[in-house]
Chemist: 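Structure in structure tokens, see below.
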Amino acid sequence: MASKSSARLAALTVAAVCSAASTVVLVPPAHADSVRVHDIQGSTRLSPYAGEQVTDVAGIVTGVRGYGSSRGFWIQDPRPDADPATSEGVFVFTGSTPKGVAVGDAVTVSGTVSEYVPGGTSSGNQSLTEITRPTFTVVSSGNAVPAATTVSARTVPRAYAPEGDEAANGSVNGLPLRPARYALDHYESLEGMNVRVADARVVGATDPYTELWVTVKPWENATRRGGTVYGSYDSQNTGRLQVQSLGEPADFPDAHVGDTLAGTTAGPLDYNQYGGYTLVASEIGALESGGLERESTRRQSSRELAVATYNVENLDPSDGTFAAHAEAIVHNLASPDIVSLEEIQDNNGATNDGTVAADATVGKLIDAIVAAGGPRYDWRGIDPVDGEDGGQPGGNIRQAFLFNPERVSFTDRGSGDATTATGVTKVRGKAALTHSPGRVDPANPAWEDSRKPLAGEFVFRGRTVLVIANHFNSKGGDQGLTAQYQPPSRGSETQRHLQAEAVNTFVKDVLSTQKNADVIALGDINDFEFSQTTRILEDDGALWSAVRSLPRSERYSYVYQGNSQVLDQILVSPSIRWGGRLSYDSVHVNAEFHDQISDHDPQVLRFRP
């Protein structure tokens, strides 16, 4: 904990650092010893007092945080000014558990005004205005806390954020706040203040860090199960707000998507690294169940081939989730004929000792599936080179195929390995793989520190189906939707674009060999169905993302910061899209639930080859 605090102190910056490229000049007032909170906050995201000493700033304590790396208390001026752009609240960072101060105390605070950037300046996050290195005096106790400002559909604008200043590399830091026009400006104008939401619907389930997401706009791009769909880069969903607990984590509700925090949820409005604007709740509404249940897909007919993708989230033999994963595959996915598994770890998980084999991991899952009443699957995979495929250090995650030998057969050919590329050849007039199982273009720099695609050749009812299992580069390092740079940068997609090009090129090789070949590329694509990554995969009609066959309200496999979104996809060649009586299902068993066994929902495609 001490190291986190030290890192946090190191991230405290003055306004000049946060807006190094800005053309705005911030001039501190001449008398910084008589300021009020709204003077400190100012009408932009950066305080005009940043780096200055302030004396005897008056306010009422609205919350005390005595845990984590950001300890301190919030104060709010009970006598607001008339400017809606200036917040009346501010966080006082003490660095250790505050002593001698309680909610309702009237205090005067002296210290240094600082702009703290959660995650550091390289994260692109906005900054949080604070008073640091404080001394304070309790003037009186037991005072009424300033009434919470209501955040609602009526108060939050439809537009998300202004375009950043080109002269400041796209930063919004120096722009004047327009809280009636932009949602992010509205939230910023309430930074540090006591706020409330009423009867808020949960759109992001409670996570292990006692956080959840609600929306104050329940109709905004709603899913049919109570969530909020992220359907384009321009649909950021302005009603979303993160909720954390200011009290004991044990008192925090275990909520699913679609539940409601009935009544009032209230507390100071903070800004943090992992969710942006966050209501740190000293009062949490009563949890009302939305009745959400895990979905089950229908069983494939005797003439349909069922192919699924399922990210099992760093599965290794020490995990306690095998039985639950088996239940999901057998009962919720109806025992697909072929299952592409992502994030299969090696036989000793994160132990970094050179182990790369995963037969124990996959074997334990197969046994659990049999125990759950499913078929005894066979499997194929290729062990990676130790430490070359990214993911958790020592885990050596990879894709693997499960297949039901009573329904499909696997064509073994060529003894593929981690570094040998599979190619496309013609066998009896049909496209075939030179190595099955084999890896697609593993030496391509696109796969550096990332999972290489696994290709396999299957036969169902006499027809060959080529399947390519993928796990593209993650979104790690991308700027968040609430970043100071608008629109935010998505730097991770550069590698995904190269990966998509490699897979698309391989599929085109197959189709040039056999125009009507049945090809499926599936897995954790780590990008949206509307993204450039997907468009590159689909280039020249080689593939089509079948999740688009679903209504928009059902297109999601993952929930991030309250946005239900597509990361997992099944893409098909033209012969399957147009001739296979295609049926697609995103089976919601994980992402919307607080007791999830993976953060991804599996996807199932059924068609008649």
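What you see below is based on every heavy atom in this structure, not just the backbone, and it leaves out hydrogens, waters and symmetry mates.
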Chemist: Can you tell which of E529, Q569, E538 makes a side chain to side chain donor-acceptor pair (under 3.5 Å) with R548?
Modeler: E538
Chemist: With a 4.0 Å cut-off on N to O distance, would you call K508 and D539 a salt bridge?
Modeler: yes
Chemist: Quick one: closest heavy-atom pair of I366 and W379, and the distance?
Modeler: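 Looks like CD1-CD1, 3.7 Å.
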Chemist: Is any NZ, NE, NH1 or NH2 atom of the basic residue among E327 and R294 found under 4.0 Å from an Asp or Glu carboxylate oxygen of the other?
Modeler: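 Result for this pair is no, no salt bridge flagged.
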Chemist: Scan residues 316-367 for pairs that pass ring pair (Phe, Tyr, Trp, His ring centres under 6.0 Å), counting only residues two or more places apart or in two chains.
Modeler: Y310-H325
Chemist: With S340, which residues qualify under side-chain hydrogen bond (donor to acceptor under 3.5 Å, both in side chains), at least two apart?
Modeler: E342
Chemist: Report the residues that fulfil side-chain hydrogen bond (donor to acceptor under 3.5 Å, both in side chains) with N348, sequence neighbours left out, ordered by chain and then residue number.
Modeler: D353, T355
Chemist: Quick check against the 3.5 Å criterion: does R535 have a side-chain atom that pairs as donor or acceptor with the backbone of F530?
Modeler: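 Answer holds: yes.
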Chemist: Which pairs, with at least one residue in residues 472-488 and sequence neighbours excluded, count as a salt bridge (Lys or Arg N to Asp or Glu O under 4.0 Å)?
Modeler: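 Non-adjacent pairs meeting salt bridge (Lys or Arg N to Asp or Glu O under 4.0 Å): K475-D527.
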Chemist: Could you check N396, D316, D359 and say which one makes a side chain to side chain donor-acceptor pair (under 3.5 Å) with N347?
Modeler: D359
Chemist: With rounding to the nearest 0.5 angstrom, report the OH to NE2 distance, Y556 to H600.
Modeler: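 If I round to the nearest 0.5 Å, the distance is 15.0 Å.
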Chemist: Which salt bridge (Lys or Arg N to Asp or Glu O under 4.0 Å) pairs, counting each pair once, include a residue from residues 391-411, with sequence neighbours left out?
Modeler: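 Checked against salt bridge (Lys or Arg N to Asp or Glu O under 4.0 Å) - neighbours excluded - the pairs reaching residues 391-411 are D337-R407, D383-R398.
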Chemist: Test of understanding: with ring pair (Phe, Tyr, Trp, His ring centres under 6.0 Å), list the residues that count as partners of H497, not counting sequence neighbours.
Modeler: none
Chemist: How many angstroms lie between atom CD of E343 and atom CD of Q392, to the nearest 0.5 angstrom?
Modeler: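 Here the interatomic distance stands at 9.5 Å.
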Chemist: Check this for me, if you would: do D524 and R451 make a salt bridge, where the nitrogen-to-carboxylate-oxygen distance has to be below 4.0 angstrom?
Modeler: no
Chemist: Assess the side chains of S564 and R225: does a donor N or O sit below 3.5 Å from an acceptor N or O?
Modeler: no
